[in-house]
Amino acid sequence: MAGQDDEQWMRMAIEVARSKGSDPSTSPLGCVIVLDGKVLAAERNQTHELPDATAHAEMMAIRRACESTGELELRGATLYSTLQPCGMCTMASIWSKVGRVVYGAGRNDVHAMYFEAKHVDTLSFIGDAYRDDIVIKGGCLAAECATLYYPPDAELPVEEQANL
């Protein structure tokens with residue numbers, strides 16, 4: 001049942017990602033946070049709109065979810081992200097105490113520009129965290145999520161590559 005639920009919520013995250021266009025140059029990333037079958041927050045990347053380098057979809061969703069519950073912690077909640085979370089968003093997931101992180105496309109499914117480090121896998125942060133009650137599941141609707149982003153072999157001008 002969790003697999004079906006995960007796909008349902010990931011489809012919502014994909015819709016959120018596409019809500020303001022789906023051009024890969026804008027990093028259309030969507031995030032949904034769910035607790036007990038109820039959506040606490042659904043946000044997309046808003047870095048350019050705000051402008052705020054920390055306004056990643058996961059960061060915005062964590063902020064909104066905490067506002068909606070009035071709580072600092074999101075224990076028991078699942079965070080769904082269309083792309084493997086970056087280091088900042090991984091740490092925010094740890095600090096906000098979400099119970100699960102489910103992501104779609106992984107770092108090998110998309111162009112390297114979407115990640116901040118060449119050799120650091122942010123998921124290892126989870127393994128090294130003081131928490132042992134957070135679960136990571138990657139690859140949920142990975143192929144569908146990957147279509148939101150440039151593929152690994154895309155030849156892009158350096159000025160269009162976000163993290164370089």
Side-chain angles (χ1 to χ4, degrees), residues 1-22 26-107 109-110 114-117 120-142 144-146 148-149 162-163:
M1 190 67 173
Q4 278 184 319
D5 288 346
D6 286 348
E7 288 187 7
Q8 170 194 342
W9 299 121
M10 187 61 73
R11 288 190 199 293
M12 178 183 282
I14 291 168
E15 287 177 30
V16 170
R18 291 182 175 143
S19 64
K20 292 186 180 174
S22 56
T26 64
S27 299
L29 203 145
C31 181
V32 175
I33 298 179
V34 178
L35 178 62
D36 299 329
K38 178 184 173 203
V39 175
L40 298 181
E43 297 287 337
R44 74 180 309 280
N45 263 14
Q46 297 170 47
T47 53
H48 293 290
E49 297 94 319
L50 289 180
D52 178 351
T54 69
H56 289 194
E58 299 95 332
M59 299 293 287
M60 298 304 292
I62 289 169
R63 290 172 187 153
R64 293 301 156 294
C66 290
E67 288 170 2
S68 74
T69 63
E71 299 291 335
L72 180 66
E73 297 182 354
L74 299 171
R75 289 191 189 270
T78 299
L79 181 150
Y80 295 90
S81 178
T82 55
L83 185 62
Q84 180 179 326
C86 73
M88 174 180 67
C89 295
T90 299
M91 292 306 294
S93 297
I94 292 170
W95 282 106
S96 65
K97 301 197 174 35
V98 296
R100 293 176 70 224
V101 174
V102 177
Y103 67 87
R107 66 186 299 145
D109 299 321
V110 300
Y114 297 107
F115 292 91
E116 74 278 8
V120 176
D121 184 352
T122 57
L123 299 181
S124 65
F125 291 170
I126 299 295
D128 292 335
Y130 285 106
R131 291 184 55 207
D132 58 6
D133 61 342
I134 185 170
V135 175
I136 305 293
K137 176 187 172 190
C140 181
L141 302 180
E144 193 172 339
C145 289
L148 294 166
Y149 313 103
N163 287 320

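Hydrogens, waters and symmetry mates play no part in the numbers below; they use all other heavy atoms, side chains included. Keep in mind the model is a prediction, meaning the values are calculated, not measured.
- In this structure, CD1 on Ile14 lies 11.5 Å from OG on Ser22, to the nearest 0.5 angstrom.
- Taking the side chain as every heavy atom from C-beta outward, Asp133 and Arg75 approach each other to under 4.5 Å.
- Taken from CG in Leu29 to SG in Cys89, the straight-line distance is 8.0 Å, to the nearest 0.5 Å.
- Counting heavy atoms from C-beta on, the side chains of Thr69 and Leu40 come closer than 4.5 Å.
- Take Leu148 and apply the side-chain contact (heavy atoms from CB on, under 4.5 Å) test, not counting sequence neighbours, and it matches Ala17, Arg18, Pro28, Thr82.
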If you look only at distance, which donor and acceptor atoms sit under 3.5 Å apart when one is on a side chain in residues 56-65 and the other is two or more places apart or in another chain?
from, atom 1, to, atom 2, distance (Å)
Glu58, OE2, Ser81, OG, 2.9
Arg63, NH2, Thr54, OG1, 3.1

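- Scanning both residues, Val32 and Trp9, for their nearest heavy atoms gives CG2-O, 4.2 Å.
- A 4.5 Å side-chain heavy-atom check between Glu49 and Lys20 finds at least one atom pair inside the cut-off.
- Between Tyr103 and Met10, the shortest heavy-atom contact is C-CE, 3.6 Å.
- A side chain to side chain contact (heavy atoms under 4.5 Å, CB included) with Tyr80 is found for one member of Arg100, Met12, Lys137 and no other, namely Arg100.
- Taking CD1 of Ile136 as the start and CD1 of Ile134 as the end, the distance is 5.0 Å to the nearest 0.5 Å.
- Closest non-hydrogen pair, Val101 versus Pro85, comes out as CG1-CG, 4.0 Å.
- Electrostatic pairing of Glu71 and Lys97 does not count as a salt bridge here, judged by no charged N lying under 4.0 Å from a carboxylate O.
- Here SG of Cys86 is found 11.0 Å from CZ of Arg107. Values are rounded to the nearest 0.5 Å.
- The shortest side-chain heavy-atom distance between Cys145 and Leu83 does not fall under the 4.5 Å cut-off.
- The closest side-chain heavy-atom distance from Leu79 to Cys31 is below 4.5 Å.
- For the side chain to side chain contact (heavy atoms under 4.5 Å, CB included) test with Val102, the passing option among Thr78, Val135, Leu141 is Thr78; the others fail.
- Asp36 pairs by the side-chain hydrogen bond (donor to acceptor under 3.5 Å, both in side chains) definition with nothing, not counting sequence neighbours.
- Between Leu72 and Trp95 the shortest side-chain heavy-atom distance does not fall below 4.5 Å.
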